[in-house]
Amino acid sequence: MPLFALVDCNNFYASCERLFRPGLKGRPVVVLSNNDGCVIARSNEAKALGIPMGAPAFQWEHVFRRQGVAVFSSNYALYGDLSARVMRVLEEAAPAVEVYSIDEAFLDLSGVQEPESFCRELRQRVTRHTGIPVSVGLARTKTLAKLANRHAKKQPTTGGVFDLAALPDPEALLAATEIGDVWGIGPRHAKRLAARGVATALDFIRLPRDWVRKAMTVVGMQIHMELCGISCLSLEQAPPPRRSVLCSRSFGQLIRDREHLREAVCSFAARAAEKLRAGGLDAQAVQVFALTPRHREELPQHQGQATVTLPCPTDHSPDIVTAALRGLEQAFCEGFAYQKAGVQLLGLTPSASRQASLLDLPPEQRQRRRALMDVLDLVNRRHGRHALRLALAAAPERPWHMRQHRRSPRYTTSWDDLPRVGE
DNA sequence: TCTGGGGTCCTAGGACCC
DNA sequence: TCTGGGGTCCTAGGACCC
């Protein structure tokens with residue numbers, strides 16, 4: 001019988017911000033999304049103030065001020081680095097680890113004696129080595145381990161570790177879990193299920209599996225089985241190959257002007273191409289989209305989108321930018337005020353296995369193009385992401401660039417931002 | 001004034017081929 | 001009057017996750 005543990009960092013981004021500012025201990029902390037748009041992480045104190053996940057920041061500004069909430073723009077350089085440290089501790093301690101997201105990992109503890117005390121020891125180890133608090137849920141399936149983890153987080157009596165597999169009556173926990181809180185059940189399915197009288201995870205497992213399969217596809221059926229203790233999802237230690245690369249942003253102010261949108265799309269395409277090369281991949285197609293604001297019904301709405309297929313797979317920034325701008329010509333409509341745009345690269349294949357094609361350039365020209373991209377990436381790695389950019393790409397001082405007024409220093413990834421002790 | 005960004009998977013339906 | 005069938009590939013849309 002398999003045994004899974006889910007290790008999840010508590011309020012991860014908020015915990016990261018607190019790490020180098022001991023003065024924030026016990027104070028409410030929130031972290032905002034890109035563009036300082038909405039709340040994406042909250043310390044327990046912030047949760048206690050009733051600030052919901054996803055809350056638009058501007059609506060809560062008065063609470064932030066009145067309650068002395070420490071507010072941060074998101075600082076992914078910091079979170080990514082601390083995440084890697086947490087994962088390293090897990091990998092050193094556990095036999096098999098699947099890094100599931102920036103703040104979560106599944107462990108396979110099938111052969112481990114005394115799994116619960118193993119997890120308690122592991123939990124302390126992570127805190128000792130990284131300063132990040134974590135919770136651990138144990139169960140026979142990944143979906144149940146998620147549930148166990150929620151319980152470990154919410155119930156202080158668990159001491160941050162909860163073993164559902166050792167419980168004599170696991171149905172009690174299912175009965176206490178709202179269906180929308182089950183991993184894989186989103187708001188749409190929760191609503192449909194509610195209409196059928198399903199309020200809890202226990203109600204759900206009592207539905208006939210055939211019905212679930214029909215109404216919620218094989219994905220729903222797997223959730224059903226996993227909640228019943230039948231493991232369908234295995235530990236994935238090697239990350240699956242990427243299928244797409246996306247770069248999109250909301251703008252600090254609406255864009256009506258075609259030229260400005262071209263600049264933005266050019267920057268996004270160039271950034272997407274960098275990510276592509278970093279992963280050693282080529283793209284076969286470039287998709288561009290431009291959207292008007294979702295929450296402004298008084299404005300005319302438009303969702304423009306176009307896909308351009310490349311003559312042959314490439315990771316060359318100018319090719320990708322050119323294709324993106326062609327796509328934009330189709331997606332863009334004069335007279336609308338756009339709030340967000342993006343470039344997505346599709347049909348990814350490893351550059352190493354690139355097929356020779358009749359449309360390919362002669363070898364010496366290919367080498368020159370390759371060398372150019374190598375230099376571009378090298379300079380930008382050494383001197384910052386915008387050090388070298390294509391002529392069409394937006395200058396960083398454009399007014400519609402995203403807002404990030406409250407970003408903390410890059411304490412762990414930038415020499416200039418190292419925390420100072422004893423000042 | 002102000003509501004994120006980056007991913008995955010599944011299915012249905014159309015195009016296309018033989 | 002009557003107009004095949006089966007397979008594959010691609011895409012769009014929907015749903016979900018963190």
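Chain A is the first sequence line, chain B the second, and so forth, proteins listed ahead of strands; every chain is numbered from 1.
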Any residue in residues 186-206 of chain A with a heavy atom nearer than 4.0 angstrom to DNA chain C? Just list them by number, or reply none.
A:Gly186, A:Pro187, A:Arg188, A:His189
Does any donor atom in the side chain of A:Glu226 or A:Thr143 lie under 3.5 Å from an acceptor atom in the other side chain?
yes
DNA chain B nearest-nucleotide lookup for A:Gly37 and A:Ser244: closer to the 5′ end is A:Gly37
If the condition is side-chain contact (heavy atoms from CB on, under 4.5 Å), which residues does A:Leu281 pass it with, not counting sequence neighbours?
A:Arg242, A:Leu276, A:Leu348
Assign A:Lys214 to base, sugar-phosphate, or nothing according to its heavy-atom contacts below 4.0 angstrom with the strands shown.
nothing
Of all of residues 175-183 of chain A, which get a heavy atom below 4.0 angstrom from DNA chain C, listed by number?
A:Val182, A:Trp183
Show me the donor-acceptor pairs, under 3.5 Å and distance only, between side chains in residues 330-347 of chain A and residues at least two apart or in other chains.
from	atom 1	to	atom 2	distance (Å)
A:Glu334	OE1	A:Arg258	NH2	3.1
A:Tyr338	OH	A:His302	ND1	2.7
A:Tyr338	OH	A:Cys333	N	3.0
A:Tyr338	OH	A:Cys333	O	3.4
A:Gln344	NE2	A:Ser244	OG	3.4

Rounded to whole Å, please give me the gap between CG in A:Leu346 and C1' in B:dT8.
13 Å
What contact category does A:Glu104 fall into here, base, sugar-phosphate, or nothing, at under 4.0 angstrom with non-hydrogen atoms?
sugar-phosphate
Please report the distance separating the P of B:dC17 from the corresponding atom of C:dT3, rounded so that it comes out in whole Å.
24 Å
Taking CD from A:Glu98 and P from B:dT8, how many angstroms apart are they, rounded to a whole number?
14 Å
Quick one: A:Asn75 CG to B:dG5 C1', roughly how many Å, whole number?
16 Å
Within the 4.0 Å heavy-atom criterion, would you say A:Asn35 contacts the bases, only the backbone, or no part of the nucleic acid?
nothing
Under 3.5 Å, is there a donor-acceptor pair between the A:Asn35 and A:Ser250 side chains?
no
Distance in angstrom units between A:Asn149 CG and C:dC17 P, rounded:
15 Å
Answer with yes or no whether the side chains of A:Tyr79 and A:Glu17 bring together a donor and an acceptor at under 3.5 Å.
yes
Return the CZ to CE distance between A:Arg277 and A:Met373, rounded to the nearest 0.5 Å.
5.5 Å
Can you pull the side chain to side chain donor-acceptor pair (under 3.5 Å) pairs that have at least one residue in residues 118-128 of chain A, sequence neighbours excluded?
A:Glu116-A:Arg120
Taken to the nearest whole Å, CG/A:Leu246 to P/B:dG6 is 5 Å
Which ones in residues 52-74 of chain A lie close to DNA chain B, meaning a heavy atom under 4.0 Å from one of its atoms?
A:Pro56, A:Phe58
Base-pair string, DNA chain C, Watson-Crick plus G-U, cut-off 3.5 Å on both distances, | for inter-strand, is ....||||||||||||||
Under 4.0 angstrom, heavy atoms only, what part of the nucleic acid is A:Glu236 near: base, sugar-phosphate, or nothing?
nothing
Less than 4.0 angstrom between a side-chain N/O of A:Arg296 and OP1 or OP2 of B:dT1, yes or no?
no
Kindly give the atom pairs (protein nitrogen or oxygen, nucleotide nitrogen or oxygen) under 3.5 Å for nucleotides 9-16 of chain B.
from	atom 1	to	atom 2	distance (Å)
B:dT11	OP1	A:Arg213	NH2	2.9

Check the distance between B:dC2's P and A:Phe251's CZ and give it to me in whole angstrom.
15 Å
What pairs meet the ring-ring contact (aromatic ring centres under 6.0 Å, His included) rule with one or both residues in residues 265-299 of chain A, with sequence neighbours excluded?
none
Rounded distance in Å - CD1 (A:Ile185) to C1' (C:dC18)
17 Å
Can A:Asp81 and A:Thr412 be counted as having a side-chain donor-acceptor contact under 3.5 angstrom?
yes
With a cut-off of less than 4.0 Å, is there a side-chain N or O of A:Lys275 near OP1 or OP2 of B:dG5?
no
Of all residues at least two apart in sequence or in a different chain, which pass the side-chain contact (heavy atoms from CB on, under 4.5 Å) check with A:Lys214?
none
Give a yes-or-no answer on whether the side chains of A:Asn11 and A:Ser43 include a donor-acceptor pair shorter than 3.5 Å.
no
Any side-chain donor paired with an acceptor under 3.5 Å for A:Asn75 and A:Ser408?
yes
With nearest nucleotides of DNA chain B determined for A:Lys340 and A:Leu254 from heavy-atom distances, which residue corresponds to the more 5′ nucleotide?
A:Leu254
So what does A:Leu32 touch, heavy atoms closer than 4.0 Å: a base, only the sugar-phosphate, or nothing?
nothing
Test of understanding: with side-chain hydrogen bond (donor to acceptor under 3.5 Å, both in side chains), list the residues that count as partners of A:Asp103, not counting sequence neighbours.
A:Ser101
How long is the line joining CG of A:Leu345 and P of B:dG6, in whole Å?
12 Å
Does OP1 or OP2 of B:dT8 have a side-chain N or O of A:Arg242 closer than 4.0 Å?
no
Verify whether one side chain among A:Ser110 and A:Asp108 offers a donor that lies under 3.5 Å from an acceptor in the other.
yes
Is it the case that A:Tyr411 and A:Arg21 place a side-chain donor and acceptor less than 3.5 Å from each other?
yes
How is A:Asp36 classified with respect to the nucleic acid when contacts are heavy atoms under 4.0 Å: base, sugar-phosphate, or nothing?
nothing
ring-ring contact (aromatic ring centres under 6.0 Å, His included) partners of residues 196-251 of chain A, not counting sequence neighbours, each pair once:
A:Phe204-A:His224, A:Phe251-A:Trp400
State, to 0.1 Å, how close A:Leu235 and A:Ala96 come at their nearest heavy-atom pair, and which atoms those are.
CD2-CB, 3.6 Å
Close aromatic pair by centroid cut-off 6.0 Å: A:Trp183 and A:Phe106
yes
Is the phosphate of B:dG6 approached by A:Ser248 (side-chain N or O, under 4.0 Å from OP1 or OP2)?
yes
